[in-house]
Structure formats: C-alpha cells, structure tokens
Amino acid sequence: MNIKLLTIGKTDNKNLQSLIDEYTKRLGFYVKFDLEIIPDIKNVKNLSEAQQKEKEGELILSKLTPTDQLILLDENGKEFSSVGFSEFLQKKMNAGIKTLVFVIGGPYGFSEKVYKASQGKVSLSQMTFSHQMVRLFVIEQIYRGFTILRNEPYHHH
C-alpha cells in the first residue's frame, strides 16, 4: 500500500519543515509515502469562503486516481488512539487498497464534492492546530502506527 498526504500551501516554518522531512524519511522505511503540496490559490482575497473551498476541492480531486481511497482530516472525523489508528492502517492494508490518500484541507475545510468523494474522516483532536503543524502530526502518527504494527519501541518513548 502507498500512502499520500495532500496539503494546501507550503510550510514556511523551517523548524517544522525539518521535522516533517525527518518523519517523512523515517516513514519511508515502512511504506511508500508521498507528501504532495497543492500550491495556494492565487487572488484568494477576491474569493468567498465557498469559492475558495470549491477551487481547493477541484485541485484536491484532480490529484486522485479512481483506485485511491480518500480520507479527510476533519474536526468531525473519527478520533483514534495511536493503537486504534495503527489498526485502521492495518485494515486498509488488509483490504488491498493501492493508495490511501489523507487530505488536509484549506482554512475553511472541504467542498461538498470532496466530502462526497471521501471514504472516511479522521480527526486528530478536538483542538485546532495550524495547518502546518497538522502535517507534522499526521506524518508522525502514521509513522507511529507502523512502529506499533511492527512491535517497535518508538510508541512508548
């Protein structure tokens, strides 16, 4: 199984970016992982929230293939413990999914089309985090999930 994380906009914090790079590298030992950044939409000031979500939604959907399984990172999604999330990943692998795509939406969330195209929603927390931090947390939790599945000690540090 491949895992892809789609996000909107670059990470401009160098410290966060180096941690994202570190966990992306670690994750590569367990699974083929890609972090794909969709560039910020131009002239966003001239768009309503709904228009911005629509445009971001079109870009997100254009990155998917018909066999991808889309999971949204959404505040109304299912919350997991780290062990529960590792079991979620294992079920996806057992189901023979070719590519599992996690998506972090823009500042206003997802368009209706993206919700319709998704096969699930996951929430990291009821708290709100910056979109840039969420990237790190998602990648770290996927990495943690694989260390749990392999019975490696990382989870207990």
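Both backbone and side-chain heavy atoms feed into the values below; hydrogens, waters and symmetry mates do not.
The closest side-chain donor-acceptor pair between Thr65 and Asp68 falls under 3.5 angstrom. Donor-acceptor pairing under 3.5 Å is lacking for the side chains of Asn13 and Gln17.
How far CG of Leu89 is from CZ of Phe80: 8.5 Å, rounded to the nearest 0.5 Å. Taken to the nearest 0.5 Å, the OH atom of Tyr108 stands 5.0 Å off from the CD atom of Glu49. In this structure, Phe137 CZ and Leu124 CG are separated by 8.5 Å, a value rounded to the nearest 0.5 Å. In this structure, CD in Gln126 is found 9.5 Å from CG in Asn76, a value given to the nearest 0.5 Å. The line from CG of Leu16 to OG of Ser130 is 6.5 Å long, rounded to the nearest 0.5 Å. Atom CD in Gln132 sits 11.5 Å away from atom CG in Asn15 (nearest 0.5 Å).
Pairing each heavy atom of Ile71 with each of Phe88, the nearest pair is CD1-CZ, 4.0 Å. Nearest heavy atom pair, residue Pro107 against residue Glu56, reads CD-OE2, 3.9 Å. Across every non-hydrogen atom of Gly145 and Ser86, the tightest pair is O-CB, 3.3 Å. When all heavy atoms of Glu54 and Ser111 are compared, the closest pair comes out as OE2-CB, 3.6 Å. Ala117 and Leu61 make their closest contact through CB-CD2, 3.6 Å (heavy atoms, listed as atom of the first residue, atom of the second, distance). Contact between Tyr30 and Arg150 at its shortest, heavy atoms only, is CD2-NH1, 3.3 Å.
Remark: Lys113 is not positioned above the aromatic ring of Tyr115, lacking an NZ or CZ atom under 6.0 angstrom from the ring centre and at most 45 degrees off the axis.
For the side chain to side chain donor-acceptor pair (under 3.5 Å) test with Gln69, the passing option among Lys98, Lys92, Gln119 is Lys92; the others fail. Exactly one of Asp34, Leu72, Ile60 qualifies for a side chain to side chain contact (heavy atoms under 4.5 Å, CB included) with Leu6. That residue is Ile60.
Phe129 and Leu136 fall within the same hydrophobic cluster, defined by Ile, Leu, Val, Met, Phe, Trp and Tyr side-chain heavy atoms under 4.5 Å apart, directly or through other members. Side-chain heavy atoms closer than 4.5 Å link hydrophobic residues (I, L, V, M, F, W, Y) into clusters, and following such links, even through other members, never connects Ile148 to Ile142. Note on Val138 and Met93: same hydrophobic cluster, where clusters join Ile, Leu, Val, Met, Phe, Trp and Tyr whose side-chain heavy atoms are under 4.5 Å apart, directly or indirectly.
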*Evaluate the criterion side-chain contact (heavy atoms from CB on, under 4.5 Å) for residue pair Gln51 and Asn46; output intermediate values, then yes/no.*
CA-CA 9 Å; Gln51 289 171 317; Asn46 304 331; over 6 Å; no
*Given the rule in the side-chain hydrogen bond (donor to acceptor under 3.5 Å, both in side chains) test, do Gln141 and Ser82 qualify, once you have shown the distances and angles that lead to the verdict?*
CA-CA 7 Å; Gln141 282 301 301; Ser82 292; 2.8 Å; yes
*Begin from the C-alpha positions of Thr11 and Arg135 and carry the test side-chain contact (heavy atoms from CB on, under 4.5 Å) through to its verdict.*
CA-CA 9 Å; Thr11 299; Arg135 293 170 196 193; 2.9 Å; yes
*Between Val101 and Leu64, does a side-chain contact (heavy atoms from CB on, under 4.5 Å) hold up when you go through it step by step?*
CA-CA 8 Å; Val101 180; Leu64 303 176; 3.9 Å; yes
*Could you go step by step and tell me if Asn2 and Phe33 meet the side-chain contact (heavy atoms from CB on, under 4.5 Å) rule?*
CA-CA 6 Å; Asn2 302 324; Phe33 176 77; over 6 Å; no
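Ring to ring, Phe29 and Phe146 are not that close: their centroids are 6.0 angstrom or more apart.
With a 4.5 Å cut-off on side-chain heavy atoms, Leu5 and Ile104 count as touching. Between Ser81 and Phe85, every side-chain heavy-atom pair lies at or beyond the 4.5 Å cut-off. Two residues are said to be in side-chain contact when any heavy atoms from C-beta on lie closer than 4.5 Å; Thr67 and Thr99 fail this criterion. Side-chain contact between Glu36 and Thr7: absent, with no pair of heavy atoms (C-beta onward) separated by less than 4.5 Å. With contacts defined as side-chain heavy-atom distances shorter than 4.5 Å, the pair Leu73/Val103 does not qualify. Between Leu47 and Ile41, the closest side-chain pair of non-hydrogen atoms falls below 4.5 Å.
Salt-bridge annotation for Glu22 and Arg26: present, with a side-chain N of the basic residue lying under 4.0 Å from a carboxylate O of the acidic one. Salt-bridge formation is detected for the pair Arg144/Glu140: a Lys NZ or Arg NE/NH1/NH2 atom is positioned less than 4.0 Å from an Asp or Glu carboxylate oxygen.
For Glu75, the CD atom is loosely surrounded, since the number of other residues' heavy atoms within 6.0 Å does not exceed 12. When the shell of 6.0 Å around NZ of Lys55 is examined, it contains 12 or fewer heavy atoms from other residues, nucleotides or ligands. Atom CE of Met1 is surrounded by more than 12 heavy atoms from other residues, nucleotides or ligands within 6.0 Å.
Judged purely by atom type and a 3.5 angstrom limit, His131 has no side-chain atom pairing as donor or acceptor with the backbone of Ile8.
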